[in-house]
Amino acid sequence: MALSEKDLARLGPAARAQIDDARARQAAAQKARRLQTDAAKAGPLLPEADSELERRYYAAVLWPKIMAGLVVSVELHKRFTLYPADTYCGLRLPAAHYTPDFFITYQNGTVEAVEVKSAAVRKLQRDYIYRRRLFIERFARPNGWRFTEYIQE
């Protein structure tokens, strides 16, 4: 039986909160089932990946979790703006961004940002450690997200 907005308006705040929570759980479960179905069709390959390391991480770690129904959503290369573009004393300051390889939302509500890098690439990208730190301090820590870094030697 579906409740109309009129019925919901007559309920108290605690009952409305319970119903909203139940609806959110249903929506998350439906989204996880859709992700699981799509992953089953595509298999453990990830054609959108930028590197072989990302493909291997997806196949070995993420795909089994999706098939087990533990993952609600996976976003590849979600871009976060650390600082917007600006000017200062006539200097043009470009925007600073951080893009984790995987942005994962789990069934239990946990959110995880995953960075997959080889040790050689990490050394070449000298500003990576600063962008990573800004991302953690501005987004991950305040929102209670996990940050995982997989470095291959």
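Each residue takes its place number in the sequence, starting with 1. All values below come from the heavy atoms of this structure, side chains included, with hydrogens, waters and symmetry mates left out.
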Beyond-backbone contact of D101 with Y150, side-chain heavy atoms, under 4.5 angstrom: no

Flag, side chain of S51 to backbone of E54, donor-acceptor distance under 3.5 Å: yes

Value rounded to 0.5 Å, distance of CG in L82 from CD in E137: 11.5 Å

Point-to-point distance, once rounded to the nearest 0.5 Å, from CD1 of I104 to CG of L70: 11.5 Å

F80 reachable from Y130 in the ILVMFWY side-chain graph, under 4.5 Å edges: yes

Least distance between heavy atoms, I129 atom then R126 atom: CG1-O, 3.8 Å

Euclidean distance, R133 CZ relative to I136 CD1, rounded to 0.5 Å: 8.0 Å

Co-membership, hydrophobic cluster, residues I151 and Y58, 4.5 Å side-chain: no

Path from Y57 to L76 over hydrophobic side-chain contacts below 4.5 Å: yes

Enclosure of R16 CZ (heavy-atom neighbours >12, cutoff 6.0 Å): yes

Side chain N143, main chain W145, donor-acceptor under 3.5 Å: no

Sub-4.5 Å side-chain heavy-atom contact between E115 and F147: yes

W63 with F103, same ILVMFWY side-chain cluster at under 4.5 Å: no

Atom pair OH/OH of Y98 and Y128 - distance to nearest 0.5 Å: 4.0 Å

Nearest-0.5 Å distance, CD of residue E75 to CZ of residue F102: 12.5 Å

